[in-house]
Amino acid sequence: MAKFKRTHHCGMLSLTNIGKQVQLAGWAASIRDQGGVIFLDLRDRSGRIQVVFNKEKNEKLHEKANHVRAEYSVRVEGTVEKRSPDTVNPKIPTGEIEVIATEIEILNTTAMLPFQIECQDELNEEVRLKYRYLDLRRPEMMSNLMFRHKLVQAAREYLDGSGFIEVETPVLTKSTPEGSRDYLVPSRVHEGCFYALPQSPQLFKQILQISGIEKYYQLARCFRDEDLRADRQPEHTQIDMEMSFVDVDDIIEMIEGLIRSIFKKTLNLDIPAPFKRITYEEAMLKYGSDKPDLRFGCEIMDVSPIVSQTDFNVFKETLSNGGVVRMLVGPGCADFSIKDMDELTSFLKNFGAKGLAWIKVLEGEEFKSPIVKFFKPEMLKQLKQSGNAKAGDVLFFVADHVNVACDSLGALRLKIGNVKNLINKETFHFSWVLDFPMFEWNEEEKRYQAVHHPFTSPRLEDLDKIETSPLEVKARAYDLVLNGTEVGGGSIRMHNEDMQSRVFRVLGIDASSAQERFGFLLTALKFGAPPHGGIAIGLDRLAMLLLRLNSIRDVIAFPKTQKATCPMTGSPSTVDEKQLREIHIKLRRE
RNA sequence: GGGGGUGUAGCUCAGCCUGGUUAGAGCGCCAGCCUGUCACGCUGGAAGUCGCGGGUUCAACUCCCGUCGCUCCCGCCA
């Protein structure tokens, strides 16, 4: 190995290298032994190249190659040659050339592989994670990691070019039990005290504005001890930003530039800007979601006024109890069977809906449904017209509290979009959701809580309502949505201690408790804090969506399972009694 | 915490509904043959605690109860 100097990467070789003596290193991806000639596909992170060992030309070398097995790491010396036309492999980029070996060295052999590196089958997630190093060897995963790197580089370039300064903030920080559950780290030095891992660098980036950094960014790891999903991990990475002397439009403009730049440099796509803007209220009404998928129409509408005179008891009672009746037209859904409808109904029960009413629209002025008898012909006509429904469509109804109606019809809309292929999976549709409410009522804790977070500024025109009617106050917050997934969110913050204290009071955080938890921020705000705001983009989700994947685990090198474990390292794990004693922790026996 | 799917050879799966020979297939692995393959081919071989525990039964991969892992969703995620 001493004299070896790698000259090329496998996938970079091309016709321009013909006649060159090259030195390569990588893994044996595939070995095809023809008896007198052995073909070895050598793979490194750049791709693969066919290496040829001919018994007639070099018997000793051929014999050495005979011992190579799949996934051995090897180095190869040889000459690049053009393949004869009948032996060209059009399926791989280097298929027009091959390397005629003059030397091969086995650098390492392999144990029995738990799975084939290039197999086409879907692999069990646990096996992949246990042998993640082998999983990452798979070209698809390797290219995911390389794509993510490109995305990060594009973001850094753009932000650096726009005058942003990358600043690191602490990972060991203070627990602020507002928001999601913290990961806690016990202090050895201070008995009974704990650090928390940051849910986001929120307060540090605000304080950096008070310092005068003006434009901050960081690729920040964020930790949240909540249950996992395909697009949620206990730790994820945000492209985190904050700017001084800005308002909503400044942030939006900057992010649209960042996104456009990322798409151009990674996928070579031009994303049109400005992105569509939609209010929270409209999103909830028309799409039943605060992260609407705008790649297709199929809008929900409130038909409470139309059906107010119906004899249908379910609708009647819901309306008289202050609920709503909302309708969604399912294009071409008239072919759904009774069984399909039952399945949809039980699917919607997930979202709290007690039932799903449906009316099939037939030719002429005919309708078909178990409940059609409760509706006068005039009303049916009106429903059909207002929903712009055609024969073959189905009118779906959910009658319930506003929230349940939104959630369930929003979910139904996505389901129908998928089942009926209404979604163009090729497009990237960005939008901004604006005018979020500032507060929401937490029934469990009997108090108001911040929809975004407690540092978000209310709209200035709503300031009078903070104490009197908090639910009507809108926030200067904005979410970035891509194809129905929230990929970013942020707000203009309060830069004034008085206003911050007022908001704390509405949230039920009294002065002394505010002082205890956020006193450092309140104090800092007193020292000429500039107006400021920011946003964070979910890097993992963005990478996932750009690569059209279904899980962020596929763009994270070492993700956790749904139970937040790591099958490779075996974390989390128990620790020695001695370690526990040092941090003053005694386990409860449950 | 709740609902759905799933667990059988190293990997991907069939078998289970309707209990009954020795639990199969493809890929991989091992050995042999093969001088233009590229999902190489051909011949032969090894390989199983049917996730785990309990129950029903003459008999359980199969039925029942419990439990655990993986996964998708609801709750949760300021």
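All figures in this text were calculated on a predicted structure; none of them were measured in a lab. Residue numbers start from 1 in every chain, and the chains themselves are labelled A, B, ... in the order their sequence lines are given, proteins ahead of strands.
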_What verdict does the side-chain hydrogen bond (donor to acceptor under 3.5 Å, both in side chains) test give for A:T169 and A:Q218, after you've listed the backbone C-alpha separation in whole Å, the side-chain angles of each residue and the deciding distance to 0.1 Å?_
CA-CA 8 Å; A:T169 55; A:Q218 180 182 195; 3.0 Å; yes

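An OP1 or OP2 oxygen of B:C38 is reached within less than 4.0 angstrom by no side-chain nitrogen or oxygen of A:S30. Contact between the side-chain N/O atoms of A:T565 and the OP1/OP2 oxygens of B:C70 is found at a separation under 4.0 Å. A close approach under 4.0 Å does occur between a side-chain nitrogen or oxygen of A:R229 and OP1 or OP2 of B:C74. Here A:K563 reaches the OP1 or OP2 of B:G69: one of its side-chain N or O atoms lies under 4.0 Å away.
Here the P atom of nucleotide B:G75 and the CD atom of A:E443 are 17 Å apart, to the nearest Å. B:C72 atom P lies 15 Å from atom CZ of A:F347, rounded to whole Å. Put simply, CG on A:N66 is 11 Å from P on B:C34, counting in whole angstrom units. Taking atom CZ of residue A:F223 and atom C1' of nucleotide B:C77, one finds them 16 Å apart after rounding to whole Å. Rounded to whole Å, atom P of B:U35 lies 9 Å from atom CG of A:D33. Between the NZ atom of A:K57 and the P atom of B:U35 there is a distance of 15 Å, rounded to whole Å. Note: CD (A:E118) to P (B:G28) measures 13 Å, nearest angstrom. Between A:I49 atom CD1 and B:C38 atom C1' there is a gap of 12 Å when expressed in whole angstrom units.
Checking B:G28, B:U37, B:U12 against the side-chain heavy atoms of A:Q116 singles out B:G28 as nearest. Listed candidates were B:U12, B:U35, B:G28. Nearest to the side chain of A:N124 is B:U12. Comparing B:C70, B:C27, B:U35 by their closest approach to the side chain of A:Q34 singles out B:U35. Distance from the side chain of A:T87 is smallest to B:C38 among B:U12, B:C38, B:C70. Closest to the side chain of A:V37, out of B:U35, B:C74, B:C72, is B:U35. Closest approach to the A:E226 side chain among B:C70, B:C76, B:U35 is made by B:C76 (side chain taken as heavy atoms from C-beta onward). Side-chain proximity of A:E56 to the nucleotides B:G36, B:C72, B:U35 is greatest for B:U35.
One can find a donor-acceptor pair under 3.5 Å joining the base of B:C38 and the side-chain atoms of A:R83. One can find a donor-acceptor pair under 3.5 Å joining the base of B:G75 and the side-chain atoms of A:D227. Counting distance only, with no hydrogens placed and no angle test, the side-chain atoms of A:Q50 and the base atoms of B:U37 include a donor-acceptor pair under 3.5 Å. The base of B:C77 sits within donor-acceptor range of the side chain of A:R232, with an N or O pair under 3.5 Å. A:N350 contributes no side-chain N or O that forms a donor-acceptor pair with the base of B:C74 under 3.5 Å.
Within 6.0 Å of CZ on A:R132 lie more than 12 heavy atoms contributed by other residues, nucleotides or ligands.
When the C1' atom is used for both B:A60 and B:U21, the distance is 15 Å, rounded to whole Å. Across the P atoms, B:U6 and B:A14 are found 9 Å apart, a figure rounded to whole Å. When the P atom is used for both B:A23 and B:A31, the distance is 28 Å, rounded to whole Å. B:G48 sits 27 Å from B:G69 when the P atoms are compared, rounded to a whole Å. B:C58 and B:C13: their C1' atoms are spaced 33 Å apart (whole Å). Distance noted for atom C1' between B:A46 and B:G28: 13 Å (whole Å).
In this structure, A:R413 forms a cation-pi arrangement with A:F296, its terminal cationic atom sitting closer than 6.0 Å to the ring centre and no more than 45° off the ring axis.
Among A:R138, A:R541, A:R128, the one residue that satisfies the salt bridge (charged side-chain N to carboxylate O under 4.0 Å, His left out) test with A:D554 is A:R128.
Applying the Watson-Crick and G-U wobble criteria (two distances, each under 3.5 Å), B:G41 pairs with B:C33. Applying the Watson-Crick and G-U wobble criteria (two distances, each under 3.5 Å), B:U21 pairs with nothing in any strand. Both distances falling under 3.5 Å, in either a Watson-Crick or a G-U wobble arrangement, place B:U67 opposite B:G51.
Heavy atoms of A:L113 sit under 4.0 angstrom from primed sugar atoms or phosphate atoms, though from no base atom. Residue-level contact check: A:P454 touches the bases, meaning some heavy atom is under 4.0 Å from a base atom.
Residue whose closest nucleotide on RNA chain B sits further toward the 5' end, between A:C119 and A:I31: A:C119. Place A:S200 and A:R553 on RNA chain B by their nearest nucleotides, and A:R553 ends up nearer the 5' end.
Under 4.0 Å is where a charged nitrogen must lie from a carboxylate oxygen, and between A:R48 and A:D41 at least one such pair does.
Taking the six-membered ring for Trp and the full ring otherwise, A:Y72 and A:W27 have centroids separated by 6.0 Å or more.
Both thresholds, 5.5 Å between centres and 30° between ring planes, are met by A:F39 relative to the base of B:U37, so the two rings are stacked.
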